[in-house]
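Structure record follows, encoded as structure tokens.
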Amino acid sequence: MYVRVHPSDNVAIVADPEGMDAREHIPQSHKITLRDLAAGEAVVRYGHAIGYLNRALPRGSWVREEFLEMPAAPPLDELPLATSPPPDPEPLTGFTFEGYRNPDGSVGTRNLLGIAATVQCVAPTIDYAVERLRREVLPRYPNVDGVVSVTHSYGCGVAIDAPGAAVPIRTLKHIALHANLGADPLLVSLGCEKLQPAKLLGPQLPVLGEDHVIRLQDHRGFADIVSVVMEAAEKRLAVLDRRRRASCPAADLVVGLQCGGSDAFSGVTCNPAVGFAADLLVRAGATVMFSEVTEVRDAIHLLTPRCANEEVARALVREMRWYDEYLARGEADRSANTTPGNKRGGLANIVEKALGSVAKAGGSAIRAVASHGEKVTAKGLVFAATPASDFICGTQQLASMNLHVFTTGEGSPYGLAMVPVVKVSSRTALAEKWPDLIDLDAGRIATGGATIEETGWNLFRFLLETASGRRTWAERWGLANALSPFNPGPVT
Ligand code: CA
């Protein structure tokens, strides 16, 4: 049994190796030729060439990765710009979730106390205080969902005024002011670091007030430092504990999409189902972000026509060009993206991976483009530029999102402390192997047991429930990957 996506495809994905009319054993999720193919001929999947054969292959053959030569990336200077933006979709009304409305207008899906670091130097001290707060203080504030260490590897030993430094600084600023922290963090500074509180928060610092900032070098001894942090934290906990969830329109959701550990099924099961849910969210007025520059680069010619206007399309091209140049400085290109796991899962190269990856973005018009770490304010479908690395993409999307969707084929226990991460599997086998890590199985789409539409609606409803407080598997286990801000600037 196999899955063919587009009528012009000359290969298909093996869904079940049993009973196949194949010339050799082809593992699940790998490609089989549907007719005799000549050397030099294009291998077509999703209706697009994913590579050119360096040898002839008869019908029923396994298309191994090394048989394919990768096409060049689409040139950036001759792309169609906003030539066919999809029409405004029919609004979807009446869908709500129970969220925490913040004074700045943002809406939280969780009610967390965040203790944010300006610099890595203070991270273990924050961790120490957070551990005690969870044990000794949090039980007295039952309406608060948790206390989170908002710590990271940045803040000093860097060229803080170099152009690249703007990326991690704005990422960390927006994370510190995150909707799920009540947009009101407690900030811990060392005192001598390059990323001073005023540099991190800018004009936002006076709004928060100096009582939100603790400088460790102002205090005498570790015991004093810890008690100062804990006292300030308890004051914040008392305020957060008085908050209650209230009904909010689905339009208040800011959903970050990404994939990790993708396989050849990702592009036919979980990613199209996520794309269907993304279109529903857009119709409901929400913000949906897709990201991962190296995974859209090879499909960019399919995306620039979908931009709402030429300005958005040019911003999309700008982000592709910036990343091409960033990779070139490191003597790499987008082909460095694919992992051994992707290849084991049947993805031959980044072209095939990208064509499957952009299915997450659904079919809506692209309304806006955000550069690395910028806060997304537009509604509708937005491209928020990030690296594809799971933990860096997730960190950067945290600048804006209050809910995260993560699709996976090979499987990852990925989670974040500050937002719920809903994990969707590409294969039923993965959902069965990891029933206590995968939140939703999209694999039945490949076997005919479910449709993209049904699975997309299920995910949409699941997201509203999760935003309202239903805990994901990653939250139940307390799985939280470290914040990893993208720093394209120099380290000193
Ligand atoms: Ca990723």
Side-chain angles (χ1 to χ4, degrees), residues 167 171 255-267 269-275 277-278 288-300 303 319-320 323 326-327 332-347 349-362 370 372-373 376 382-401 403-416 418-427 430 434 437-440 442 472 474 479-488:
V167 171
T171 307
V255 181
L257 309 176
Q258 79 150 320
C259 44
S262 296
D263 68 4
F265 278 119
S266 297
T269 59
C270 53
N271 290 352
V274 169
V288 178
M289 299 186 291
F290 72 113
S291 296
E292 303 174 287
V293 174
T294 50
E295 289 172 15
V296 305
R297 177 66 183 85
D298 282 273
I300 192 64
L303 296 173
E319 291 305 322
M320 297 299 117
Y323 218 90
Y326 166 75
L327 288 172
D333 65 27
R334 87 269 194 226
S335 68
N337 173 300
T338 41
T339 65
N342 292 151
K343 292 175 177 188
R344 187 178 65 209
L347 288 173
N349 58 33
I350 185 59
V351 182
E352 184 178 17
K353 187 174 173 181
L355 288 167
S357 175
V358 297
K360 291 196 300 297
H372 297 270
V376 170
V382 176
F383 180 74
T386 73
S389 157
D390 296 350
F391 35 88
I392 299 178
C393 169
T395 301
Q396 234 166 273
Q397 287 187 335
L398 263 182
S400 309
M401 71 179 163
L403 198 57
H404 198 20
V405 178
F406 184 88
T407 64
T408 184
E410 295 291 316
S412 169
Y414 174 80
L416 292 171
M418 286 173 53
V419 296
V421 177
V422 173
K423 291 203 287 293
V424 185
S425 73
S426 77
R427 291 175 300 125
L430 173 62
W434 282 6
L437 287 168
I438 298 297
D439 296 289
L440 200 87
T472 64
L479 304 178
N481 285 86
L483 293 181
S484 311
F486 178 37
N487 176 24

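Along the sequence shown, residues carry numbers from 1. All values below come from the heavy atoms of this structure, side chains included, with hydrogens, waters and symmetry mates left out. One-based numbering, in listed order, for ligands and for the atoms of each.
A distance-only check finds a donor-acceptor pair linking the side chain of Thr408 to the backbone of Gly260 [under 3.5 Å]. Side chain of Asn271 to main chain of Ala359: no donor-acceptor pair is present (N/O by atom type, distance under 3.5 Å, no hydrogens or angles). A donor-acceptor distance shorter than 3.5 angstrom exists from the side chain of Arg427 to the backbone of Gly409, with no hydrogens or angles considered.
The ring pair (Phe, Tyr, Trp, His ring centres under 6.0 Å) search around Tyr326 returns Trp322, Tyr323, Phe486, not counting sequence neighbours.
The two residues Cys270 and Ala442 make their nearest non-hydrogen contact at CA-CB, 3.5 Å.
For the Ca ion (ligand 1), the count of nearby protein N/O/S atoms, taking only those under 3.0 Å, is 5.
A salt bridge does not link Lys353 with Glu292: every distance from a Lys NZ or Arg NE/NH1/NH2 to an Asp or Glu carboxylate oxygen is 4.0 Å or more.
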